[in-house]
Amino acid sequence: MKSLVAANWKMHKTLKETEDYLRRLLELVPPDPPVELAVFPPFTALARAGELLLGSPIALGAQNGHPEREGAFTGEVSMYQLADLGVRYVICGHSERRKIFGETDEFVAKKVRAAWNYGLTPILCVGETLVERRAGRAWEVVEKQLSLALGDGLFGPLVIAYEPVWAIGTGVPAHPQDAQEMAQRIRAWLCGRFGKLGEGVRIQYGGSVKPENAHEFLKLPEIQGALVGGASLDPQSFWAIALAAA
Ligand code: 13P
C-alpha cells in the first residue's frame, strides 16, 4: 500500500500563491513518486489547482463538502460539484469543523456516504482532545467517531486520519508510540467490522508533522501517510515530508 501524504492548506493562499506553490511543487516531484501526494487548496483555488495538476502525479483534494447534491444551502459546496472539478479526496470530520462549526458525527457520516456516491475518497478525521486523553478515554472517543461515521458499512475506498486534537497546530506532535497504538486499534476495529475490506484502508497520522519528525511517524508499520497542515504550506517542506514516507 503506497502511503498518502496530504497537504491541508486550511484557510490559506490566494490564487496567485496557489499557482506559485504548485509550479514549485511540480518541479520537485518526479513523474512516478514513491508516495502518493494530494493537495487540498481552499475552494477559491480548486478549479485552477485542478488545471495545473492535470496529468501530474499529484491528486486534488477538497477540505470539505456538503452531502446534498444541490439545493438551498447558501455558502456550501457539494461533493457532486467537487467531483465535477476532478477532486479525488475530500476531508470529512476535521476537528476544526467539528469544534468551530459544530459538525456532528451524524453529519460526518452523511458526508462519507455522499463522497462515495460521487466517486470521491473520504479522508475521515478522528481524534481525542487532551482532556479525553488524560482521562484515559482516547480510544473510547475514537471508536465512537469511527462507528458513528462508518456504522452503515464500507462502501468505497477510505482513508482515516488519526489527528489528536491537542497535536493540531500546536507544534507538539503525539508520541509516535501512541500514534502507532491508536493506528493498530483503528486497524483492528476496521478488520473486525469489515473483514478483508478493512485491510485496504490507509491510516494517516496528523498533528504537527514537520520535515524533522515526519520519519518517526511514517516509518511506523500501521501508518500509511500523513495529513499535514502548517508544514505543508511551503512546497519544499511538504516534499521533504513526502520523502520521509518513501
Ligand atoms: P498541523 O500540521 O498544522 O498541526 O495541522 C494538522 C491538521 O489539522 C491537518 O489536517
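Remember, it's a predicted structure, so these values are computed and weren't measured experimentally. Counting starts at 1 for both ligands and their atoms, following the listed order.
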Review point. With sequence neighbours left out, what residues match Glu36 under salt bridge (charged side-chain N to carboxylate O under 4.0 Å, His left out)?
Key: Arg88, Arg202

Point to revise | Geometric N/O contact Ser208 with ligand 1, under 3.5 angstrom | key: yes

Review point. Quick one: which of Lys210, Lys10, Glu163 has a heavy atom closest to atom 5 (O) of ligand 1?
Key: Lys10

Review point. For ligand 1, is Ala231 a contact, meaning one of its heavy atoms is under 4.0 Å away?
Key: no

Point to revise | Worked verdict on Tyr162 versus Glu222 for side chain to side chain donor-acceptor pair (under 3.5 Å) | key: CA-CA 11 Å; Tyr162 169 55; Glu222 275 303 351; over 6 Å; no

Practice item. Would you mind finding which of Gly229, Gly230, Gly169 brings a heavy atom closest to atom 4 (O) of ligand 1? Key: Gly169

Review point. Between Val87 and Ala62, what is the shortest heavy-atom contact and its length?
Key: CG1-N, 3.8 Å

Practice item. For ligand 1, find out whether one of its N or O atoms is nearer than 3.5 Å to an N or O atom of Asn8. Key: yes

Review point. Is it the side chain, the backbone, both or neither of Ala167 that has a heavy atom closer than 4.0 Å to ligand 1?
Key: backbone

Point to revise | Option from Leu4, Val112, Val90, Asn8 for which side-chain contact (heavy atoms from CB on, under 4.5 Å) with Ile123 holds | key: Leu4

Exercise for review: Write out all pairs satisfying salt bridge (Lys or Arg N to Asp or Glu O under 4.0 Å) with one or both partners inside residues 153-168, taking only residues at least two apart or from two chains.
Suggested key: none

